[in-house]
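Contents: one structure, followed by commentary.
Side-chain atoms are counted along with the backbone in the values below, which use heavy atoms only and exclude waters and symmetry mates. One-based numbering along the sequence shown.
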Amino acid sequence: MKDRLISLSTRQEVYREVDKFLDENLDKKFRVSLVEDGKGRSISANNQQHLWYGQIAKHYGDRSALDVKNFCKHSLGLPLLLSSPKHSDKIEFLLNKLDYYKHSYDSQMKLIQCLEVTSLFNTAESKEYMDQMIFYFNDLGVNIKFKDK
């Protein structure tokens, strides 16, 4: 059975699917875990970001996908987190403790690799991050594609 969204209005349909699934798998046992929807980004958003990091690196030819990811986390991701009601205090505290902004750019890129940035985004923040990637790199002449051809 696939990942399913359940709410008060869809629970009966989900229960029927569970019953059918269990009827088809009588000799097996399963676990159910309910998590709140909309708090994180989807795997497909994560995959899309990594596809873009690779496309951007390939366009330039002189940097790796990891270099691009670190740049994006630093330049686009941190400002989003610093304006996040949920994460701004924690991120600001951490950056101050690390003296992040007093480090050289190369040192910041090594530090950012160790910091949670994009993984803290909720769905809206992830979308904003991806939109900013598109705008930023398209303005530089990098044609970001949704599929790798």
Test Gln49 against Ser126 for side-chain hydrogen bond (donor to acceptor under 3.5 Å, both in side chains), laying out the working first.
CA-CA 9 Å; Gln49 290 169 16; Ser126 181; 3.3 Å; yes

Please evaluate residues Glu17 and Phe21 with respect to the criterion side-chain contact (heavy atoms from CB on, under 4.5 Å), reporting the C-alpha separation (whole Å), side-chain torsions for both, the decisive distance (0.1 Å), and the verdict.
CA-CA 6 Å; Glu17 286 183 37; Phe21 180 80; over 6 Å; no

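A distance-only check finds no donor-acceptor pair linking the side chain of Gln113 to the backbone of Asn70 [under 3.5 Å]. When atom types are taken as modelled, the side chain of Ser83 and the backbone of Leu80 share a donor-acceptor pair closer than 3.5 angstrom. Here the side chain of Trp52 pairs a donor or acceptor atom with the backbone of Lys145 at under 3.5 angstrom.
Smallest separation of non-hydrogen atoms from Leu82 and Ser88: O-CB, 3.2 Å. Listed here is the closest heavy atom pair of Phe146 and Leu51: O-CD2, 3.4 Å.
For Glu24, the side-chain contact (heavy atoms from CB on, under 4.5 Å) criterion is met by Lys20, not counting sequence neighbours. Judged as a side chain to side chain donor-acceptor pair (under 3.5 Å), and not counting sequence neighbours, the contacts of Ser64 are Asp67. Under the salt bridge (charged side-chain N to carboxylate O under 4.0 Å, His left out) criterion, Glu92 pairs with no residue at all, not counting sequence neighbours. By the side chain to side chain donor-acceptor pair (under 3.5 Å) test, Glu116 is found to be paired with no residue, residues two or more places apart in sequence or in another chain being considered. With sequence neighbours left out, Lys127 forms a side chain to side chain donor-acceptor pair (under 3.5 Å) with Asp131. With sequence neighbours excluded, no residue forms a side-chain contact (heavy atoms from CB on, under 4.5 Å) with Asp89. Listed by chain and residue number, nothing satisfies the side chain to side chain donor-acceptor pair (under 3.5 Å) test with Gln108 (two or more places apart in sequence, or in another chain). Checked against side-chain contact (heavy atoms from CB on, under 4.5 Å), Tyr60 has the following partners two or more places apart in sequence or in another chain: Ile56, Asp62, Arg63, Phe137, Leu140, Val142.
Side-chain contact between Lys73 and Leu78 is absent, with no heavy-atom pair separated by less than 4.5 Å. Looking at heavy atoms from C-beta onward, Tyr129 lies in side-chain contact with Met133 at the 4.5 angstrom threshold. A heavy-atom distance below 4.5 Å is not found between the side chains of Glu128 and Leu76.
A distance of 14.5 Å separates CG in Leu115 from NZ in Lys110, rounded to the nearest 0.5 Å. Taking NZ of Lys28 as the start and CG of Leu22 as the end, the distance is 11.5 Å to the nearest 0.5 Å. Atom CG of Leu120 sits about 8.5 Å away from atom CD of Glu125, to the nearest 0.5 Å. Rounding to the nearest 0.5 angstrom, the gap separating the CG atom in Leu95 from the CG atom in Leu111 is 9.0 Å. The CD1 atom of Ile112 lies 9.0 Å from the OG atom of Ser75; values are rounded to the nearest 0.5 Å. Taken to the nearest 0.5 Å, the NZ atom of Lys86 stands 8.0 Å off from the CG atom of Asn122.
Pairs of residues two or more places apart, or lying in two chains, never qualify as salt bridge (Lys or Arg N to Asp or Glu O under 4.0 Å) while including a residue from residues 96-106. For residues 83-103, the set of pairs meeting the ring-ring contact (aromatic ring centres under 6.0 Å, His included) definition, not counting sequence neighbours, comprises His74-Tyr100.
Both Ile134 and Phe121 belong to a common hydrophobic cluster when Ile, Leu, Val, Met, Phe, Trp and Tyr are linked at side-chain heavy-atom distances under 4.5 angstrom.
Ring centers of Phe71 and Tyr136: under 6.0 Å apart, within the cut-off.
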